[in-house]
Structures are given as C-alpha cells and as structure tokens.
J.: 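Below is a structure I'd like to ask you about.
Heavy atoms only: backbone and side chains are in, while hydrogens, waters and symmetry mates are out. The chain is numbered in sequence order, starting from 1. When a ligand or atom number is given, it counts from 1 through the structure's own listing order.
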Amino acid sequence: MFTDFSLDTRLLKALDALSFTKPTDVQNATMPAAIAGKDVLVTAETGSGKTAAFALPVLHALLDSPAPQSGARVLILTPTRELAQQLAKHIDALAQFTFIKTDTICGGETFKPQAARLRKNPEILVATPGRLIDHLDKKTIELDDIEHLILDEADRMLDMGFQEDVERICNSCPDNRQTMLFSATLAHAGMRSVITASMNDPVSIKLNSHREVHSSIRQQVILANDIALKDKQLVWLLKNDSFEKAIVFTNTKVNATRLNGYLRYNDIRAGVIHGDLTQEQRTHAMSLLASGKINVLVATDVLARGIDVKGIDLVINVEMSRSGDDHTHRVGRTGRAGEQGVAISLIGPTEWNLMSSIERYLKTQFERRVIKGLEGSYAGPKKLKASGKAAGTKKKKLDKKAKANKKPNARPSEPKNRVIVDGFAPLKRK
Ligand code: AMP
C-alpha cells in the first residue's frame, strides 16, 4: 500500500485521484531506499511505473523541507523531448495538490523564452542533455541547488552519444545530492563510467531483466513475401483486428511517411512521427493520438522508448527491429501497467533470421499467424537449423546414381513450418 511509505498526504490524495491503488513492483522495491535519501541504481523494464518510483520520494522530500528561495532542486535527465514532456506531465499529476512546479528544458524550442522560464525557478527541471549543456555553456542555468538528480533511460542516453554531456552535468550538480539512475540494462559500454561519475555507494535494485517480455503482451508474426503484401496485411489488420489505439513501427523515416499516406488513402485515421519532423509536428501528432482524433500512429524508433499514451493495445512492426532490445522497447508501448496488448511483426524473407535471433534472445517464441487470402508465397525457410535460423541453401551434390533415379516432375515437398490458417499454431522445429 502507498500508505506504508508515510508519504505526504497531498501525494496520497493525488494517487487516489489517479486511481493508483497499490504500488507496482519497481515502486515497492525503490521507494524505501529513495525516501531514505540513498542513491539507487534501478534496472527495470519499460512501462513498470518507474516515474512514480522516483517522483514520489522526491516530491515527498521537497514537501518535507520547503526551500522557497532556492533554484531548481530536482533535475531529471532523459533522452528525448517526448519523454521529457511525458515525465513532466506525470509529475504534475502527482504534484497536483501541492505548490511544486515542473518545467522542461529541451531542444527544438527557442532558447530565449526557455532561459526566461528558467529564471522563474521551477522546483523540478526535466531536461534533455544537449539543451541543458547549451544553458550551462551560456550560463543561463545554475545547478547549485540541485538536491536530487535522476538519470532516466540511462542506456538510451548512452546510445544517443550523451555520455560526456551526462557526466559533465552530474559534475555540475552539488556533491551531496541524491542520485537515482534508471536503465533497462546496465550492460552498455560507458555505463560503469557514468555510475562512477554520478553515484555514491548506490543501492542496486534489479527488477525483471529487459530480456523478459511483458507477460501481458501477446506476440505474433505474419509472413509476407514483399512490401506490397505487407501493406495489404497492415491495412487488413487495422481494419479487422479490434483495438483502441495502435502504433505502426517502421525502420526508416521514408517508409513511415509513405505508410502514413497509404493508410490515410485507405481511410484509416493515421498520423506520423519521426525524427525529421519539427517538435510542434511531433507534439501535435502525439496529442491527436492521445485525444483519439487519430487511432493509428506510424513511427520510427524515436517513439519506441518510454512513451506512454493511454489505450495503446496494438503494436505492428512493419519491419522487424534491428535488435532484441529495440524490439522490447517497441512492443513495450502496449501492455503497460497491467493492460493487455498485442504486438504483431510482419516478416519478409530477409527478416526471418533476425526474427529468429530476437526470439532466442528474448527466450520466447512468437505465435505464427496467417491472414486468410493474404498468405502470399513465402512460408518461411524450407529447412531450419537447430537455432531456428534458415539452414544454408547450399545444395548437396547428388551422386550420378541418385541423379539418374530422380523423378523429373516430383512434387515439391511441403515446407516444414506450415502453420494453421486463421489460427495460431506453434512452429514445429526439426
Ligand atoms: P512509467 O513506467 O512510469 O512510464 O509508467 C507506466 C504507466 O503505469 C503509466 O501510465 C503510469 O500512469 C502507470 N502507473 C504507474 N504507477 C502505477 C500504479 N501504482 N498503479 C497504476 N498505474 C500506475
């Protein structure tokens, strides 16, 4: 129960208003150490409720010892603007019955008004590393009053090349601050260095491994021989499967733009979001999805991490993610906080082996699904290795006798990995 943590009553009131009845695992595991002011190092899966896990202890600390004259007291670093906005919104909701103000400092906004807003000294700043460094360089921000520093999605910040910036920002905060680091994995090169640079004898908390797939997400694959068939399958799924909101992932901006047009042409209420769009366009697309004006968002991986829009119950990967971690982050957009979700990946002939390695990495097997009338000619590799990958195509040399005995018009053998049409059947591996 949240009442077990002796949180400020204004926070308990907000939890009640948000209908957060009991803490999630990450909240139960993190909050005692965080409330005690210790540094914490948390490995937790995406969508586990980690925002409240650090926000509640921090809000409680601010309420417990008000400091009206000070500058920003909490700094939260996060990799993307969308995440920053989402975090700020979530914290505002938790702080709705208090005086505490949160502001965001992200790229993509004009610098001057941002500097002016900073002078108003919000208690909590949520920032992306690049823009915060700009403010430090121009001396439009001081971090001398920071009491709590949170590094959110630390692995992603390292992926995006922010290690040096993150370490510099940590060094610009007072030494006696509390630091909390959240990451899906600690395996990244550079993570040790960031931990050493930022943390003081942290309590290590490991929730589910990032390899473990949400149990609330049903994962399916549908085979397709080419892009034209994938397009048709996509439209079929969006018109026939029941869902509230869906995200369609592509690997490239070009394909995202193309598919958005194709879906709209097919009378599907779609929008698009990718890294080449302006911040306004991205925010606009997100708000259209949140308000339900569109129910499908085509996106590149810009959106895959952490973004939490209520009601996303379907994720379709038109192209398979390039890695197991990326796949987990994409499918993690659905099935959040105990809701049910479906993630469907459309697999072309060149993607089979990638899919198979992701299955092995995640220690799972996706359900095979077939759409009647849209099966196409690709039914998976004829032969599979023990690993599940396609067996090599090298043909064994037939000896002369065998050649002579070979019937000229022998029926081609059935592929080994036939699936049940219009149903789901596990693939039998030889
Ligand atoms: P996060 O991992 O912080 O992005 O949270 C994922 C989702 O879980 C968000 O939609 C939160 O509003 C929701 N959430 C977080 N904590 C709880 C809770 N204790 N009870 C119900 N929902 C929660």
Side-chain angles (χ1 to χ4, degrees), residues 1-5 7-8 11-32 34-35 40 42-60 74 76-96 102 104 124 126 148 150-157 180-185 205-210 212-217 244-245 247 286-287 289-292 303-313 315 325 328-341:
M1 299 300 284
F2 280 111
T3 41
D4 296 343
F5 298 113
L7 289 169
D8 188 284
L11 299 177
L12 292 175
K13 198 171 157 193
L15 288 167
D16 210 32
L18 291 169
S19 310
F20 286 12
T21 44
K22 60 179 179 32
T24 64
D25 290 350
V26 72
Q27 289 159 3
N28 267 326
T30 308
M31 284 173 52
I35 292 173
V40 289
V42 186
T43 328
E45 71 181 30
T46 170
S48 53
K50 63 187 164 59
T51 312
F54 64 75
L56 289 168
V58 158
L59 289 167
H60 179 79
V74 180
I76 302 167
L77 284 185
T78 195
T80 65
R81 302 167 211 171
E82 280 78 14
L83 277 171
Q85 283 161 353
Q86 184 180 295
L87 285 175
K89 215 167 133 198
H90 197 151
I91 295 167
D92 276 345
L94 292 170
Q96 60 182 296
T102 302
T104 54
I124 303 180
V126 187
H148 310 269
I150 290 105
L151 307 179
D152 181 44
E153 307 259 354
D155 54 332
R156 178 68 167 156
M157 289 200 278
M180 300 191 230
L181 185 149
F182 290 79
S183 190
T185 163
I205 294 163
K206 193 167 181 328
L207 272 293
N208 294 345
S209 145
H210 66 293
E212 281 170 32
V213 184
H214 273 270
S215 51
S216 56
I217 302 175
E244 193 182 331
K245 286 174 190 165
I247 298 200
M286 292 295 292
S287 63
L289 184 70
S291 67
L303 202 80
R305 292 252 178 171
I307 292 294
D308 179 33
V309 173
K310 286 254 165 339
I312 295 173
D313 44 4
V315 164
D325 286 348
T328 307
H329 287 296
R330 283 185 180 186
V331 306
R333 295 316 92 226
T334 182
R336 293 171 79 77
E339 289 170 26
Q340 281 292 321

J.: Where do Met31 and Ala53 come nearest, in terms of heavy atoms and distance?
T.: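 Result for this residue pair: CG-O, 3.6 Å.
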J.: With sequence neighbours excluded, tell me which residues meet side chain to side chain donor-acceptor pair (under 3.5 Å) with Thr78.
T.: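 Scan of Thr78 (side chain to side chain donor-acceptor pair (under 3.5 Å), adjacent residues dropped) gives Asp152.
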J.: Tell me, do Val74 and Val126 make a side-chain contact under 4.5 Å, heavy atoms counted?
T.: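 Of all side-chain heavy-atom pairs linking Val126 with Val74, none is under 4.5 Å.
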J.: Please round to the nearest 0.5 Å and tell me the distance separating atom CE of Met1 and atom OG1 of Thr21.
T.: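 Taking CE in Met1 and OG1 in Thr21, the distance rounds to 7.5 Å.
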J.: Checking the N or O distance criterion of under 3.5 Å, is ligand 1 in contact with Phe2?
T.: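 No, Phe2 has no N/O under 3.5 Å of an N/O on ligand 1.
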J.: Counting heavy atoms only, which part of Phe182 comes closer than 4.0 Å to ligand 1: side chain, backbone, both or neither?
T.: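 For Phe182, no heavy atom sits under 4.0 Å from ligand 1.
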J.: Tell me, please, which residues at least two apart from Asp8 pass side chain to side chain donor-acceptor pair (under 3.5 Å).
T.: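 Counting only residues at least two positions away or on another chain, Asp8 forms a side chain to side chain donor-acceptor pair (under 3.5 Å) with Arg10.
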J.: Does an N or O from Thr21, backbone or side chain, lie closer than 3.5 Å to an N or O of ligand 1?
T.: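 N/O-N/O distance under 3.5 Å: no.
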J.: Have a look at ligand 1 and work out which part of His90, if any, has a heavy atom under 4.0 Å from it: side chain, backbone, both or neither.
T.: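 The side chain, only.
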J.: So if I count the atoms of ligand 1 from 1 in the order they appear, which ones are less than 4.0 Å from some heavy atom of Lys310?
T.: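 So the atoms of ligand 1 that pass are 10 (O), 12 (O).
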J.: What I want to know is whether Gln86 and ligand 1 share at least one N or O pair that is separated by under 3.5 angstrom.
T.: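 No.
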J.: Is there a nitrogen or oxygen of Gln27 sitting under 3.5 Å from a nitrogen or oxygen of ligand 1?
T.: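 Yes - when backbone and side-chain N and O of Gln27 are compared with those of ligand 1, one distance drops under 3.5 Å.
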J.: Of the non-hydrogen atoms in Ala93 and Leu18, which two are nearest, and what is the gap between them?
T.: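 Nearest heavy atoms, Ala93 then Leu18: CB-CD2, 4.0 Å.
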J.: Suppose I only count heavy atoms of Lys22 and a 4.0 Å limit; which atoms of ligand 1 are within that range?
T.: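 What qualifies from ligand 1 is 18 (C), 19 (N), 20 (N).
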J.: Hey, what's the ring geometry for Phe54 with Phe182, parallel, tilted or perpendicular (30° and 60° as the breaks)?
T.: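 The arrangement is tilted - the two ring planes meet at 30° to 60°.
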J.: Number the atoms of ligand 1 from 1 as they appear, then name those within less than 4.0 Å of a heavy atom of Thr51, with their elements.
T.: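 Heavy-atom distances to Thr51 below 4.0 Å select 1 (P), 3 (O), 4 (O).
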